[in-house]
Undergrad: 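Starting off with a structure, shown below.
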Number of protein chains: 2
Amino acid sequence: MTMYSNISTTAALIGDATRTGILMALADGKALTAGELAHIASVSPQTASSHLNKLMEGGLIKVEVQGRHRYFKLSGPEVARAIEAIAIASPPLKVRSLRQSSEKKALEYARTCYGHLAGKLGVATTDALIACGYFRDIGDVYQLTDRGQEWLIDFGVQPFLPKKIDFNAIPQHLDWTERRHHIGGPLALAITRRLHDLGWIEDGPIRRSIKLTRVGRACMQDEFGIDTDQL
Amino acid sequence: MTMYSNISTTAALIGDATRTGILMALADGKALTAGELAHIASVSPQTASSHLNKLMEGGLIKVEVQGRHRYFKLSGPEVARAIEAIAIASPPLKVRSLRQSSEKKALEYARTCYGHLAGKLGVATTDALIACGYFRDIGDVYQLTDRGQEWLIDFGVQPFLPKKIDFNAIPQHLDWTERRHHIGGPLALAITRRLHDLGWIEDGPIRRSIKLTRVGRACMQDEFGIDTDQL
DNA sequence: TCAACATTTCGATGAAACATGAAATATTCA
DNA sequence: TGAATATTTCATGTTTCATCGAAATGTTGA
């Protein structure tokens, strides 16, 4: 038992392929049952149960019991952040199978990340919002410009916004597939909700993946000047 | 081979006590030889060599050869960030031995983190700078106030500053021992250098640890109103 | 109370991998 | 060139741990 042993045990917990699969399935904050997780990670229920036990002991996940179902979820966002930080420090995945490649593409293209837009589409949208002069990138945070404030209202984002937001400190979120920043926090969540509402985006076939609809494709081009064919 | 396998292999690399020790020794950016690392991690040179090999293959460290010495260092700051994120997501360490406890205390008290002040002292200093009205905490970054700009000059930090700094976006650094924010980036580095220069702080007995000198203790109290006995 | 389902516990197996002694390789210095 | 030092490679003992079959526990609804 040396110093840092808590760090190495946590890392070891994440450092198993099956457990990483489980954690990733929970990474967007959703709660899933043991059976579902076993299926997603493609292992037997016993195996999943064993892993879930270890993750509990390690404090990475917690459980809510509801009758004969047990809903597992990450114990907090700091766990998701840790996994994400590891992903960023990891060498890019060499793709082997066709299925794997298409899954990877779907997630790289667009997905949600604690509710807001991520992936290529997320980064592109952020770039566009800056190009339009609605946001300013000042290094560690984004700032909403005056024109940006007007746009929020025009575009109908307002109703999705919580009361108090500091428009001078919109969090930057580092994306692990693109390794680029994009807007995060409540404001990003609100914009994503609005896009959903407008029918420009919808949930994709793979967990957490997002699809740009046909309308969305045209309108994004129109509204933000994003060349969606490039994506 | 599933999706995410790059993530799990990276985590598995960090997830061994010996390797965590090695990575932690390199976490402040310094370069160390295989022998030094073997000593720090208290394993035989062969063992250390084997681990260093694996860390190289995993892309977490890189080596610079200089004659019969091979200097190892982290391959980049994103590796340090990943380890830090894991530390934050980890349950606090239960201390077993007396030596371990004193090491832990020394690091908790104060240490450098990529060159700037961290630990209790770092957090306390940041709190004090805000209390004095030199910095403003607006959520995701700190901002330097007008009074803060004057203070930088008065206190003699100016010479240590690089040319261009955005005083409206001083990075926040999340500390893994305190789990609190403190100021980071070039400005924090400059302040730390100045404190060293003034003789208020000096290097401590344990790697990366920092000691407050007798003068420093009095002056910090005087200048910032930090009650150093509380620490 | 019984049947269906969800989940966990137990035990065995097999593979992965950590640590080290011994020996090999490489570099410096006298 | 030869001795000293730094580091790696190899072979091996030992331990850890992921996986799954079989069985047990717990929950629901009829």
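In what follows, chains are A, B, ... by sequence order, proteins preceding strands, each numbered from 1. Because the structure is predicted, anything quoted here is derived from the model rather than measured.
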Undergrad: Heavy atoms only: give me the nearest A:Ala41-A:Ile22 pair and the separation to one decimal.
TA: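 Scanning both residues completely, I find the closest heavy atoms to be CB-CG1, 4.1 Å.
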Undergrad: How many Å lie between NE2 on B:His39 and C1' on D:dT7, as a whole number?
TA: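 Answer to the nearest Å: 17 Å.
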Undergrad: Rounded to the Å, how far apart are B:Arg19 CZ and C:dA16 P?
TA: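 Going from B:Arg19 (CZ) to C:dA16 (P), I get 16 Å.
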Undergrad: If the cut-off is 4.0 Å, is B:Ser44 near the phosphate of C:dT20, judged by side-chain N/O to OP1 or OP2?
TA: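 B:Ser44 to C:dT20 OP1/OP2: side-chain N or O found under 4.0 Å.
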Undergrad: Compare all side-chain heavy atoms of A:Leu55 with those of A:Arg19 and state whether any distance is below 4.5 angstrom.
TA: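 A:Leu55 vs A:Arg19: side chains touch.
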Undergrad: From the list D:dA18, D:dT19, D:dG21, which nucleotide is the closest neighbour of the side chain of A:Val43?
TA: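 Minimum distance to the A:Val43 side chain belongs to D:dT19.
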Undergrad: Could you tell me how far apart B:Leu32 (CG) and D:dA6 (C1') are, to the nearest whole angstrom?
TA: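 The distance from CG of B:Leu32 to C1' of D:dA6 comes to 15 Å, rounded to the nearest Å.
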Undergrad: Rounded off to whole Å, could you give me the CG-to-C1' distance for the B:Leu37 and C:dA19 pair?
TA: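 Value for this atom pair: 17 Å.
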Undergrad: Kindly indicate whether the side chain of A:Ile61, heavy atoms from C-beta on, has any atom under 4.5 Å from the side chain of A:Leu23.
TA: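 The answer is yes, as the side chains (C-beta and beyond) meet within the 4.5 Å cut-off.
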Undergrad: Rounded to whole Å, how long is the line connecting atom CZ of A:Phe72 with atom C1' of C:dA6?
TA: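 Nearest whole value for this atom pair: 11 Å.
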Undergrad: Consider the side chain of A:Pro45, meaning its heavy atoms from C-beta on, and name the nucleotide among C:dT20, D:dT19, C:dT8 that approaches it most closely.
TA: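 Within the option list, the nearest is C:dT8.
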Undergrad: Among the candidates C:dT7, C:dA19, D:dC20, find the nucleotide nearest to the side-chain atoms of A:Thr33.
TA: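 The listed nucleotide nearest to A:Thr33's side chain is C:dT7.
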Undergrad: Looking only at non-hydrogen atoms, find the nearest pair between B:Ala89 and A:Leu60 and report the distance.
TA: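 Reported closest heavy-atom pair: O-CD2, 4.1 Å.
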Undergrad: A:Gln46 has a side chain; which of C:dT9, C:dC18, C:dG21 sits nearest to it?
TA: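 Shortest atom-to-atom distance from the side chain points to C:dT9.
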Undergrad: Would one find a side-chain N or O of A:Ser49 under 4.0 angstrom from OP1 or OP2 of C:dT7?
TA: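 A:Ser49 to C:dT7 OP1/OP2: no side-chain N or O under 4.0 Å.
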Undergrad: B:Asp16 has an atom CG; how far is it from atom P of C:dA16, in whole Å?
TA: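 Rounded to whole Å, this separation is 17 Å.
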Undergrad: Let me know the distance between CE of B:Met56 and P of D:dT9, rounded to the nearest Å.
TA: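 Result: 11 Å.
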Undergrad: Can a side chain N or O of A:Lys54 be found less than 4.0 Å away from OP1 or OP2 on D:dC17?
TA: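 Checking D:dC17 against A:Lys54, no side-chain N or O comes under 4.0 Å of OP1 or OP2.
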Undergrad: Quick one: is B:Asn53 getting a side-chain N or O under 4.0 Å of the D:dT7 phosphate, OP1 or OP2?
TA: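 So the side-chain polar atoms of B:Asn53 never come under 4.0 Å of the phosphate oxygens OP1 or OP2 of D:dT7.
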Undergrad: Compare the minimum distances between each of D:dT19, C:dT8, D:dC20 and the side chain of A:Arg70, then state the nucleotide with the smallest one.
TA: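 Of the options given, the side chain of A:Arg70 lies nearest C:dT8.
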Undergrad: C:dT27 P sits how many Å from B:Tyr71 OH, rounded?
TA: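 Computing the B:Tyr71:OH to C:dT27:P distance gives 15 Å.
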Undergrad: So which heavy atom on B:Tyr4 is nearest to which on A:Gly21, and how close?
TA: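 Shortest heavy-atom contact: CD1-CA, 4.4 Å.
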Undergrad: So, is B:His51 close to the C:dA17 phosphate, meaning a side-chain N or O under 4.0 Å from OP1 or OP2?
TA: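 Result: no.
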Undergrad: Taking side chain as C-beta onward, heavy atoms only, is B:Ile7 less than 4.5 Å from A:Met24?
TA: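 Yes, side chains in contact.
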Undergrad: Roughly how bent is the helix from C:dT1-D:dA30 to C:dA30-D:dT1 end to end, in steps of 10 degrees, with each end axis from five pairs?
TA: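 Taking the rotation axis at each end, their angle is 30°.
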Undergrad: Report yes if some heavy atom in the side chain of A:Val215 is under 4.5 Å from a heavy atom in the side chain of A:Leu198; otherwise report no.
TA: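 Contact flag for A:Val215/A:Leu198 side chains = no.
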Undergrad: Reckon A:Thr47 has a side-chain N or O less than 4.0 Å from the OP1 or OP2 of D:dC20?
TA: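 Answer yes for this pair, as a side-chain N or O of A:Thr47 is under 4.0 Å from OP1 or OP2.
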Undergrad: Once you apply a heavy-atom cut-off of 4.0 Å, does B:Ser50 come out as touching a base, just sugar-phosphate, or nothing?
TA: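 Contact class for B:Ser50: none.
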Undergrad: Do A:Arg194 side-chain atoms and A:Gln158 backbone N/O form a donor-acceptor pair below 3.5 Å?
TA: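 Not confirmed, A:Arg194 side chain does not pair with A:Gln158 backbone.
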